[in-house]
J.: 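Take this structure, written in structure tokens, and hold onto it; I'll ask about it next.
Throughout, a chain's letter reflects where its sequence line sits, starting with A, and its residues are numbered from 1. Worth knowing before you read on, the calculation uses all heavy atoms, side chains too, and leaves out hydrogens, waters and symmetry mates. Since we're looking at a predicted model, the values are computed, not measured.
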Number of protein chains: 2
Amino acid sequence: MELTEARQKFIEAWGKLGSEWGINRTMAQVHALLLISPEALTTEEIMESLSISRGNANMTVRDLINWGLVEKQHKPGERKEYFFADKDVWNIARQVAKERRKRELDPVIKILDELSKVQGDAKDPAFKTFNKSVTDINKLAKNVDKTLETMIKADENWFWGSVLKIFK
Amino acid sequence: MELTEARQKFIEAWGKLGSEWGINRTMAQVHALLLISPEALTTEEIMESLSISRGNANMTVRDLINWGLVEKQHKPGERKEYFFADKDVWNIARQVAKERRKRELDPVIKILDELSKVQGDAKDPAFKTFNKSVTDINKLAKNVDKTLETMIKADENWFWGSVLKIFK
DNA sequence: ATAAACTTTCATTATATTTTGAAAGTTCGA
DNA sequence: TCGAACTTTCAAAATATAATGAAAGTTTAT
């Protein structure tokens, strides 16, 4: 396989994985493209490479910037904006963990906390079952939350060193 | 808040979280409903509770069974099928991890392995960048894979005991 | 102040995903 | 073997999500 084809495959695979995990396919593809691009790219180049419209390219890049995965770059003497992705995979993983925690896990924990407080008849099976599930999920969610927090704060060596060693 | 409203909120929240993570909203809602139901339910009851069609209820329940999250139950003397969800949150988490690994992570690792083998000019920045990203992501993916495998095999105490302790 | 170069917006269009429900299929007891 | 009770299928419809591109907005140099 040659580089051009391989790059294409990588972009496709990253896009597919993203969409399976609730991330816009195009956003994942733009990210993939920037990941394998040695130089920062313009909106124009992104549009061209992925055959997408200007509007789409613009919004997608903006989203990636909001996710903390991509940054703007300005070249001296040029009006155009260039974009490049952080190439450090560990940073990327942490950044994604951070954003999804904030956007999705935190709100769910808030709701679970409320639902945990609901009072009811301890003899009622409907209440007992509801309460057990909510309480258990709440505990799990909080543990995941703590784990993510630690991961987000930790540096790479700490993580691979202390944690993965355990998982052999 | 009273139980009926709380149950509703839980189903909604679970559905929303599911859809944000690439799991069909209805599937997550049916799962939530079964989770908080002390007794196994019929298709009819699921349709009624969630206001969904027979076809949708049927397919969704089948999917949940394929995911290993729900089981059929037969009551003596009755033709109808009853469905109930495993209530053990740790099992649920493991089951989801197992299925998604098989369906999504494994195929991606296969592609990354291929892409890692692509040869190119070591002086070419395009090749160097491509190669670094692919190699790094491959390593991360394999570590995640190993971690999931260990988690899937492990029992609950082992997990909360040895791992979460580290995360304080 | 103007115009060229560039970026952003958003109503419309296109695509992808999900749901419906009637028909077909299956199972079981009489 | 029949038919009632129940389950499954799947083409069509509905809904939700994403993309387009022309117009509006912004910035900068002159």
Side-chain angles (χ1 to χ4, degrees), chain A residues 11-34 40-67 69-84 100 103-104, chain B residues 11-12 14-34 40-67 70-84 100 103-104:
Chain A
I11 290 169
E12 259 174 53
W14 208 232
K16 187 166 176 234
L17 188 65
S19 71
E20 286 166 339
W21 285 85
I23 286 156
N24 183 300
R25 183 201 257 39
T26 302
M27 181 167 153
Q29 288 183 339
V30 171
H31 184 231
L33 173 64
L34 292 175
L41 303 182
T42 61
T43 302
E44 214 76 35
E45 290 167 313
I46 293 168
M47 289 165 58
E48 162 94 7
S49 283
L50 302 176
S51 307
I52 61 175
S53 71
R54 182 173 304 283
N56 196 9
N58 177 271
M59 285 181 125
T60 298
V61 164
R62 200 177 46 184
D63 281 351
L64 284 167
I65 291 172
N66 287 336
W67 275 73
L69 296 173
V70 164
E71 286 177 50
K72 285 186 188 180
Q73 195 174 67
H74 283 283
K75 300 205 172 178
E78 294 212 46
R79 293 276 302 274
K80 276 188 292 231
E81 292 181 325
Y82 286 77
F83 304 98
F84 70 99
R100 299 204 77 152
R103 292 166 200 232
E104 294 149 22
Chain B
I11 290 169
E12 259 174 54
W14 208 234
K16 189 170 175 229
L17 187 65
S19 71
E20 285 166 340
W21 284 85
I23 285 158
N24 181 299
R25 183 200 254 51
T26 302
M27 180 167 154
Q29 287 183 340
V30 171
H31 184 231
L33 173 64
L34 292 175
L41 303 181
T42 61
T43 302
E44 214 75 35
E45 290 168 315
I46 293 167
M47 289 166 59
E48 162 93 7
S49 282
L50 302 176
S51 308
I52 61 175
S53 71
R54 182 174 304 283
N56 196 7
N58 178 269
M59 287 181 120
T60 298
V61 163
R62 200 177 47 186
D63 281 352
L64 284 167
I65 291 173
N66 287 336
W67 274 72
V70 164
E71 286 177 48
K72 285 186 188 178
Q73 194 174 67
H74 283 284
K75 299 207 173 177
E78 294 211 46
R79 292 276 304 273
K80 276 186 293 230
E81 292 181 325
Y82 286 78
F83 304 98
F84 70 100
R100 299 204 78 153
R103 293 167 200 231
E104 295 149 22

J.: With sequence neighbours excluded, what pairs up with A/A13 under the side chain to side chain contact (heavy atoms under 4.5 Å, CB included) test?
T.: B/I111
J.: Considering residues at least two apart in sequence or located in another chain, which fulfil the side chain to side chain donor-acceptor pair (under 3.5 Å) criterion with A/E20?
T.: none
J.: Figure out the NZ/P separation between A/K16 and D/dA18, and round it to whole Å.
T.: 17 Å
J.: Taking CG from A/L41 and P from C/dT7, how many angstroms apart are they, rounded to a whole number?
T.: 13 Å
J.: Does a side-chain N or O from A/N58 land closer than 4.0 Å to OP1 or OP2 of C/dT8, or not?
T.: yes
J.: Expressed as a whole number of angstroms, how long is the span from A/K80:NZ to C/dA5:P?
T.: 11 Å
J.: With sequence neighbours left out, what residues match A/T60 under side chain to side chain contact (heavy atoms under 4.5 Å, CB included)?
T.: A/T26, A/M27, A/V30, A/N56, A/L64
J.: With A/K80, which residues qualify under side chain to side chain donor-acceptor pair (under 3.5 Å), at least two apart?
T.: none
J.: Nearest whole Å is fine: how far is D/dA19 P from A/M47 CE?
T.: 14 Å
J.: Between D/dT7 atom C1' and B/L64 atom CG, what is the distance in whole Å?
T.: 17 Å
J.: Not counting sequence neighbours, which residues clear side chain to side chain contact (heavy atoms under 4.5 Å, CB included) with A/Q73? List them please.
T.: A/A40, A/K75, A/Y82, A/F84
J.: What is the distance, to the nearest angstrom, from the CD atom on A/E78 to the C1' atom on C/dA4?
T.: 15 Å
J.: Starting from P on C/dT7, measure out to CD on A/E45 and report it in whole angstrom.
T.: 11 Å
J.: Can you check each nucleotide of nucleotides 15-30 of chain C against protein heavy atoms at under 4.0 Å and return B for base, S for sugar-phosphate only, - for none, in 5' to 3' order?
T.: ---SSBB-----BS--
J.: Quickly work out the A/E44 CD to C/dT8 P distance and round it to whole Å.
T.: 13 Å
J.: Quick one, B/L34 and B/V70 - any side-chain contact, counting heavy atoms below 4.5 Å?
T.: yes
